[in-house]
**Student:** 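Mind looking over this structure? Questions follow.
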Amino acid sequence: MKFMLLVFGEPHELHLKSTEWIERMAAFMVRFDDELAEHGELVYSEVLEPATSASLVEWVDGSTRVGRGAFNRADRPLARYWVVLVPNEDRALELASSLAAVLESAVEVRQVMEQSTVP
């Protein structure tokens with residue numbers, strides 16, 4: 001089963017954290033990615049540029065309009081994600097729990113629809 005683990009946040013939020021927290025989080029992320037890869041669970045992961053650099057294409061009044069910024073304006077934008085291949089949802093939730101504990105933040109877990117991946 002494939003799941004996405006999604007982490008949300010703004011770059012400026014890191015400035016509110018201690019140096020020790022940032023170092024602990026960065027070291028954890030390296031270990032997390034390495035362990036997922038070693039276990040054959042990592043499909044891929046990406047760290048995204050800040051939401052301010054995003055382009056948003058919207059359908060407005062019968063035509064498209066391109067602007068700057070993320071779609072998710074009311075909340076924290078998507079900052080990083082992993083796609084993992086795991087045996088079941090429990091394992092995806094276990095991985096998300098370890099992320100949430102280190103990040104001290106919520107992690108969204110969503111199953112990738114079966115048969116939706118195109119080569």
Side-chain angles (χ1 to χ4, degrees):
M1 300 175 81
K2 280 187 193 171
F3 288 87
M4 285 188 79
L5 311 177
L6 301 105
V7 174
F8 299 83
E10 295 277 8
H12 73 271
E13 292 173 341
L14 290 177
H15 298 292
L16 304 174
K17 300 290 187 177
S18 70
T19 302
E20 294 80 18
W21 183 92
I22 292 171
E23 289 172 357
R24 188 174 63 249
M25 185 269 305
F28 173 84
M29 290 296 186
V30 170
R31 282 193 317 276
F32 187 75
D33 282 355
D34 287 349
E35 289 173 9
L36 287 174
E38 287 173 16
H39 290 103
E41 295 176 317
L42 181 64
V43 177
Y44 62 91
S45 71
E46 300 290 345
V47 178
L48 301 175
E49 291 290 335
T52 55
S53 68
S55 295
L56 181 63
V57 180
E58 297 179 282
W59 182 254
V60 179
D61 297 326
S63 63
T64 56
R65 178 178 68 194
V66 178
R68 292 308 255 174
F71 177 73
N72 185 2
R73 294 183 185 128
D75 206 350
R76 299 164 67 209
L78 181 62
R80 181 171 183 168
Y81 66 93
W82 293 259
V83 175
V84 295
L85 181 61
V86 294
N88 53 46
E89 184 181 23
D90 288 343
R91 177 62 178 149
L93 295 174
E94 177 185 332
L95 294 169
S97 294
S98 63
L99 281 170
V102 170
L103 297 174
E104 300 172 357
S105 181
V107 176
E108 183 176 334
V109 178
R110 295 183 63 182
Q111 186 173 356
V112 175
M113 290 179 69
E114 292 186 36
Q115 310 297 324
S116 67
T117 305
V118 180

**Student:** If Ile, Leu, Val, Met, Phe, Trp and Tyr residues are connected whenever their side-chain heavy atoms lie under 4.5 Å apart, and connections chain through other members, are V102 and L93 in the same group?
**Tutor:**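 V102 and L93: one cluster.
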**Student:** Taking ILVMFWY side chains as joined if any heavy atoms are under 4.5 angstrom apart, and letting links pass through other members, which residues group with V57?
**Tutor:**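 Noted: V57 shares its cluster with V66.
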**Student:** When you compare the side chain of E41 with that of L85, does any pair of heavy atoms fall below 4.5 Å?
**Tutor:**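 No, side chains not in contact.
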**Student:** Is there a path of hydrophobic side-chain contacts, each under 4.5 Å between heavy atoms of I, L, V, M, F, W or Y residues, that connects M29 with L95?
**Tutor:**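 Linked, M29 and L95 end up in one cluster.
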**Student:** Going by the rule side chain to side chain donor-acceptor pair (under 3.5 Å), which residues pair with S105 if we only count those two or more places apart in sequence or in a different chain?
**Tutor:**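 Result, side chain to side chain donor-acceptor pair (under 3.5 Å) vs S105: R76.
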**Student:** Identify the two heavy atoms, one from V107 and one from A100, that lie closest to each other, and give their separation to 0.1 Å.
**Tutor:**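 V107 and A100 have their closest heavy atoms at CG2-N, 3.7 Å.
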**Student:** Indicate, with yes or no, if V83 and F8 share a hydrophobic cluster defined by side-chain heavy-atom contacts under 4.5 Å among Ile, Leu, Val, Met, Phe, Trp and Tyr.
**Tutor:**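 Cluster IDs for F8 and V83 match.
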**Student:** My understanding is that only residues two or more places apart in sequence, or in another chain, count here; which of them pass side chain to side chain donor-acceptor pair (under 3.5 Å) with E94?
**Tutor:**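 Residues passing side chain to side chain donor-acceptor pair (under 3.5 Å) with E94: R91.
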**Student:** Treating Ile, Leu, Val, Met, Phe, Trp and Tyr as nodes and any side-chain heavy-atom pair under 4.5 angstrom as an edge, say whether L99 and M1 lie in one connected cluster.
**Tutor:**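 Yes, one cluster joins them.
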**Student:** Kindly give the heavy-atom pair with the smallest separation between V109 and A92, and that separation in Å.
**Tutor:**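 Heavy atoms only, the tightest pair is CG1-CB, 4.0 Å.
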**Student:** Side-chain donor-acceptor contacts of residues 44-54 below 3.5 Å, not counting sequence neighbours, with atom names and distances?
**Tutor:**
| unit_1 | atom_1 | unit_2 | atom_2 | d |
| --- | --- | --- | --- | --- |
| S53 | OG | P50 | O | 2.7 |

**Student:** Side chains of K17 and M25: closer than 4.5 Å at any heavy-atom pair?
**Tutor:**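 Answer no - side chains too far apart.
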**Student:** Should F28 and L6 be regarded as members of a common hydrophobic cluster, given that ILVMFWY residues are connected when their side-chain heavy atoms come within less than 4.5 Å of each other, either directly or indirectly?
**Tutor:**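 Unlinked, F28 and L6 end up in two clusters.
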**Student:** Between V112 and V43, is there a side-chain heavy-atom distance shorter than 4.5 Å?
**Tutor:**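 Side chain of V43 against side chain of V112, heavy atoms only: no contact under 4.5 Å found.
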**Student:** Residues two or more places apart in sequence or in another chain: which of them pass side chain to side chain donor-acceptor pair (under 3.5 Å) with S55?
**Tutor:**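 Partners of S55 by the side chain to side chain donor-acceptor pair (under 3.5 Å) criterion, ordered by chain and then number, come out as R68.
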**Student:** When you compare the side chain of Q111 with that of E89, does any pair of heavy atoms fall below 4.5 Å?
**Tutor:**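 No, side chains not in contact.
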**Student:** For R24, does the CZ atom have more than 12 heavy-atom neighbours from other residues, nucleotides or ligands under 6.0 Å away?
**Tutor:**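 Atom CZ in R24 is packed in, count exceeds 12.
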**Student:** Answer yes or no: is there a side-chain heavy-atom contact under 4.5 Å between L56 and R65?
**Tutor:**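 No; the side chains remain at least 4.5 Å from each other.
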**Student:** Of all heavy-atom pairs between L78 and V7, which one has the smallest distance, and what is that distance?
**Tutor:**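 Taking L78 first and V7 second, the nearest heavy atoms are CD1-O, 3.5 Å.
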**Student:** To the closest 0.5 Å, what do you measure between CG (L16) and CD (E10)?
**Tutor:**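 If we round to the nearest 0.5 Å, L16:CG and E10:CD are 11.0 Å apart.
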**Student:** Can you pull out every side chain to side chain donor-acceptor pair (under 3.5 Å) where at least one residue sits in residues 28-38? Sequence neighbours excluded, please.
**Tutor:**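 Pairs touching residues 28-38 that pass the test: D33-R80, D33-W82.
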